[in-house]
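Data first, discussion second: the structure below is written as structure tokens.
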Amino acid sequence: MRTETPVSVKLENYKPYPFEIESVSLDFSLEPEATRVRTKMKVNRLRPGDFVLDGVGMILHEIKLNDVVLDLEQYDRGDETLTLTSVPDSFTLETDVTINPAANTALSGLYISGGRFCSQCEATGFRHITFWPDRPDVMSRFHVRMDADKSKYPILLSNGTPGESGDFSDGRHYAEWDDPHPKPSYLFALCAGDYDVWRDTFTTMNGDHVDLGVYVDKGQADRAEWAMESLKASMKWDEERFGRAYDLGVFNIVAVRDFNFGAMENKGLNIFNSAYVLANPESATDADFEAIESIVGHEYFHNWTGNRITCRDWFQLCLKEGLTVFRDQEFSSDLRSRPVQRIKDVMRLRGRQFAEDGGPLAHPVRPDSYASIDNLYTATVYEKGAELIRALTVLIGDEAFNKGMQIYFDEFDGTASTIEDFYSCFEKASGRDLSQFRIWYAQAGTPEVSIVESWDEKKSTLTLKLAQKTPPTPKQSDKKPVPIPLRAALLDGKGGQIEAEGWDDGDTVIVLDEARKKVEVKLEDGAQRPLLSINREFSAPVRIKRDLTTQQLLELASAETDPFNIWDNFQTLSKTEIFRLLDNPQSPPDADLVSALADAVRQNSPDPAFAALLTVLPDIGELFQEREPVNPTGLNDARKRLRKALATELKSDAERILAEPTPQPFAPSAEQAGIRALRTAMIGLTGALATPDAARSLKNLFDQADNMTEKLACLRTLIPIEGNERDAAIETFYEEWKDNPLVIDKWFAVQAGQGTAADAERLSKHPDFDLSNPNRVRSVAAAFSMTNLAEFHAPDGSGHKVIGDIIETADKRNPALAARLLTSFEQWKKLEPVAKASAKATLERLRDGGLSKNAMDIVARALD
Ligand code: ARG
Ligand code: ZN
């Protein structure tokens with residue numbers, strides 16, 4: 001394979017496209033190995049410049065300009081472009097090409113999954129389908145016609161609403177689709193095949209009728225019901241919360257087994273990884289139901305934030321992704337528990353985005369250059385992008401935020417916009433200058449906020465010295481201060497909050513917008529020293545450093561009134577304790593901490609979803625970020641010791657909780673999911689005891705479990721406990737579910753996530769391991785390298801080797817998949833010397849063996 005040296009695209013070089021394409025007709029004659037695509041576009045010149053189209057890997061038969069066939073001298077075909085230098089000011093252009101969907105293993109463009117046609121065009125898939133200015137600021141009205149063998153492909157779908165259809169005498173049939181909303185090519189979609197359909201309808205707040213369909217594999221219609229319920233809930237929520245209604249008579253979702261990402265928001269025709277559509281009580285976990293709800297919401301919400309208002313260029317990706325993640329998080333918070341949702345979102349942010357921000361792949365939420373656009377769909381763009389919107393709501397208040405959103409929808413509907421456009425709306429709504437806030441978008445790295453408190457007994461004054469510092473990141477050594485909105489409260493230690501001058505009895509927002517700031521809070525004369533609660537609800541995506549002792553933190557934890565901070569105080573305490581245990585291998589875990597944590601779990605058990613989260617200790621990925629060099633094996637041992645102590649303390653509680661019956665009949669409701677979450681947490685703690693007794697009771701629970709959440713939790717917990725129970729559970733689970741690929745993905749993932757490099761290797765040689773299916777590849781490679789860090793970074797290099805081998809082979813078929821897996825190496829420089837050398841050698845071996853452009857971009861930055 002040829003290794004390309006990535007060339008970078010720069011934001012500062014943005015130039016508007018010289019032409020508009022007012023409309024386009026696409027005509028597909030579908031055959032897996034040779035699909036004919038005839039394109040006819042109506043073009044008008046807007047400004048001087050060549051007419052350049054993108055197009056990769058197609059057989060070009062003919063080009064016509066204003067009905068006249070062009071000679072070879074009249075255009076210039078490059079590797080990835082087609083250029084016409086002299087064109088009239090208005091003209092029609094027709095191209096006629098053949099593509100090979102069956103050979104498309106990269107899953108970008110038009111491809112085949114499970115014998116059906118499907119497409120993925122974001123970001124640059126459309127250029128594999130036809131010649132086109134494949135950039136988001138060229139928006140056109142699409143008309144699609146397709147024909148195919150009717151027996152193999154009875155259902156033909158595209159964007160918009162269906163038009164004419166009919167049969168031919170040779171067994172083929174055709175269908176037309178019309179999308180009245182101008183859109184960029186990345187939102188084009190086409191699906192053709194035989195499906196079962198779950199149908200429903202929705203009436204919008206404007207009284208418009210919408211036909212809804214979820215298209216799945218034959219025989220699986222009933223597994224589409226939850227996705228449909230989630231879709232209707234999303235449609236209603238966007239009307240109520242943002243006043244946004246759906247704008248077409250049809251909305252379809254198609255589930256495909258082979259998909260590089262979670263899902264895609266194509267106009268009126270969302271295409272989903274089947275993992276985020278299919279669910280029923282027997283085969284899906286609560287986490288699956290929750291993920292389906294949130295991803296269906298996410299893609300639906302893109303209809304306004306992404307489709308009606310799209311991005312001018314890919315540097316603005318966070319304009320649609322950060323905002324839409326914020327919207328889906330709000331949706332989940334409204335449907336479920338807000339504090340629990342917040343904790344889960346922060347766990348994800350800290351585990352993935354903080355790690356990215358602290359390593360060689362760090363980049364701003366709006367980068368100013370990239371080598372490969374596919375590699376910009378990152379935790380930073382998505383998750384930190386969402387946090388910035390949330391921080392904005394704290395800074396300017398909900399009212400101004402909501403007003404700003406309405407201005408955004410009104411002013412920018414139908415346009416391809418920028419972050420500047422978006423912020424201009426909030427400047428209008430709030431009457432404030434938000435230019436300093438936009439530094440957040442340009443600067444990589446997680447700001448660190450240090451807080452030092454002092455109490456003047458005589459003056460009853462609390463003084464806070466706040467300071468911020470953002471560590472240097474690649475190519476950005478000097479950082480400016482950003483405005484950090486810190487939600488704060490003063491606690492009285494008896495479960496209440498204290499009022500002070502300038503502080504109401506609710507929360508106050510301290511905005512730290514300089515490198516350092518002093519805040520004085522005057523309390524009533526003779527007042528007791530209050531306890532400071534800060535960054536409540538995680539109001540800003542920063543790391544907080546406070547000079548508190550364990551004793552003070554424990555006090556604070558019991559005085560807290562913000563559920564997020566209760567959880568977070570225990571996270572901080574646990575982190576410190578795990579590092580202490582790492583440095584003192586002989587020392588037993590701190591009994592005060594363990595009993596306080598156990599008490600908190602007990603006290604909060606009336607809110608079982610929240611109590612369950614309290615039992616989760618910070619994971620290795622997060623602990624990783626606090627030390628350099630880091631020894632993941634040692635860290636894992638230290639973490640296990642603390643977890644075992646907690647399990648011992650909660651042993652009788654666990655037995656009692658697990659002896660109770662699980663909720664019947666099953667419902668995927670937040671309420672039932674909460675009960676199962678606490679049961680699952682107790683299953684995990686039982687396993688942490690790692691005794692033969694524990695293995696036996698886990699195996700019993702495994703055998704009795706009547707829902708996938710608990711069954712899988714038992715299996716996961718049994719994996720590290722060698723013995724007959726484990727082997728039997730692995731075996732029976734496989735036998736029971738071997739015909740359900742999504743469940744077998746989980747079977748692979750729990751083993752890779754808990755096993756050794758040898759296990760990962762064995763799994764990668766299993767007959768059901770399939771390099772052409774991204775879900776299956778990730779169920780071994782990502783589960784091992786991203787959730788099992790101690791084994792992945794084992795000093796003997798065995799983990800690096802297995803993953804390196806998988807990536808090397810995967811890259812030849814599917815560069816986007818390989819590039820994503822490579823990000824698991826992003827922390828390599830922090831490793832202790834032996835593992836570090838092995839990680840480096842693996843990256844160099846991959847680089848020297850030749851890689852795709854996507855993979856090379858990651859390796860080059862990681863090694864830089
Ligand atoms: N826009 C899709 C979503 O977030 C994801 C598309 C991923 N594409 C990519 N090239 N990584 O909903
Ligand atoms: Zn998205």
Side-chain angles (χ1 to χ4, degrees), residues 113-120 153-162 175 177 179 187 189-204 208-238 246-259 261-303 307 324 328 331-332 335 667-668 740-743 745 775:
S113 173
R116 291 172 285 264
F117 287 88
C118 63
S119 62
Q120 169 58 33
Y153 313 104
I155 296 178
L156 307 173
L157 305 170
S158 190
N159 316 89
T161 44
W177 286 81
D179 184 359
L187 292 174
L190 181 153
C191 294
D194 201 0
Y195 308 89
D196 271 354
V197 196
W198 184 276
R199 294 184 194 280
D200 209 325
T201 62
F202 185 82
T203 306
T204 71
D208 295 328
H209 173 94
V210 189
D211 285 320
L212 311 174
V214 179
Y215 293 71
V216 298
D217 282 14
K218 297 298 279 181
Q220 306 197 334
D222 61 319
R223 291 171 71 199
E225 182 180 358
W226 181 250
M228 180 60 86
E229 290 308 310
S230 304
L231 175 60
K232 290 186 294 178
S234 311
M235 297 177 90
K236 187 158 170 284
W237 184 86
D238 213 13
Y246 188 60
D247 52 8
L248 284 167
V250 174
F251 189 92
N252 286 325
I253 289 177
V254 176
V256 305
R257 169 72 186 151
D258 306 290
F259 202 72
F261 322 105
M264 180 63 213
E265 69 263 24
N266 318 298
K267 185 79 190 191
L269 179 56
N270 286 186
I271 299 182
F272 270 62
N273 186 322
S274 54
Y276 300 115
V277 175
L278 301 175
N280 62 8
E282 294 73 46
S283 66
T285 62
D286 290 313
D288 291 330
F289 282 104
E290 205 177 308
I292 291 169
E293 183 178 270
S294 111
I295 296 175
V296 166
H298 179 97
E299 306 311 330
Y300 175 74
F301 303 143
H302 268 314
N303 190 54
N307 302 3
T324 305
D328 83 52
F331 170 62
S332 298
L335 260 57
N740 184 324
L742 291 174
V743 180
D745 288 341
N775 289 0

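Because the structure is a prediction, the values reported are computed rather than measured. Computed over heavy atoms, backbone and side chain alike; hydrogens, waters and symmetry mates excluded.
Applying the side-chain contact (heavy atoms from CB on, under 4.5 Å) rule to A291 yields the partners Y276; only residues at least two apart in sequence or on another chain are considered. The ring pair (Phe, Tyr, Trp, His ring centres under 6.0 Å) test applied to F301 returns W237, F331, not counting sequence neighbours. Partners of T201 by side-chain contact (heavy atoms from CB on, under 4.5 Å), not counting sequence neighbours, listed by chain and number: H209, D211. Listed by chain and residue number, nothing satisfies the side-chain hydrogen bond (donor to acceptor under 3.5 Å, both in side chains) test with S332 (two or more places apart in sequence, or in another chain). Among residues two or more places apart in sequence or in another chain, the side-chain hydrogen bond (donor to acceptor under 3.5 Å, both in side chains) test is passed with E229 by K232. Residues satisfying the ring pair (Phe, Tyr, Trp, His ring centres under 6.0 Å) test with W198, not counting sequence neighbours, are none. Applying the side-chain hydrogen bond (donor to acceptor under 3.5 Å, both in side chains) criterion to D745, with sequence neighbours excluded, gives R257, R776. Applying the side-chain hydrogen bond (donor to acceptor under 3.5 Å, both in side chains) test to N307 and every residue at least two apart in sequence or in another chain returns nothing. With sequence neighbours excluded, the residues forming a ring pair (Phe, Tyr, Trp, His ring centres under 6.0 Å) with F251 are Y246, Y300, listed by chain and number. Taking D288 as the reference, A284, T285, K746 meet the side-chain contact (heavy atoms from CB on, under 4.5 Å) condition, with sequence neighbours excluded. In terms of the side-chain contact (heavy atoms from CB on, under 4.5 Å) criterion, residue partners of P162 (sequence neighbours excluded) are, by chain and number, W177, V250.
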Extract all donor-acceptor atom pairs below 3.5 Å that involve side chains of residues 212-223 and protein atoms in other chains or at least two apart in sequence.
| from | atom 1 | to | atom 2 | distance (Å) |
| --- | --- | --- | --- | --- |
| D217 | OD1 | R116 | NH2 | 2.5 |
| K218 | NZ | D196 | OD1 | 3.1 |

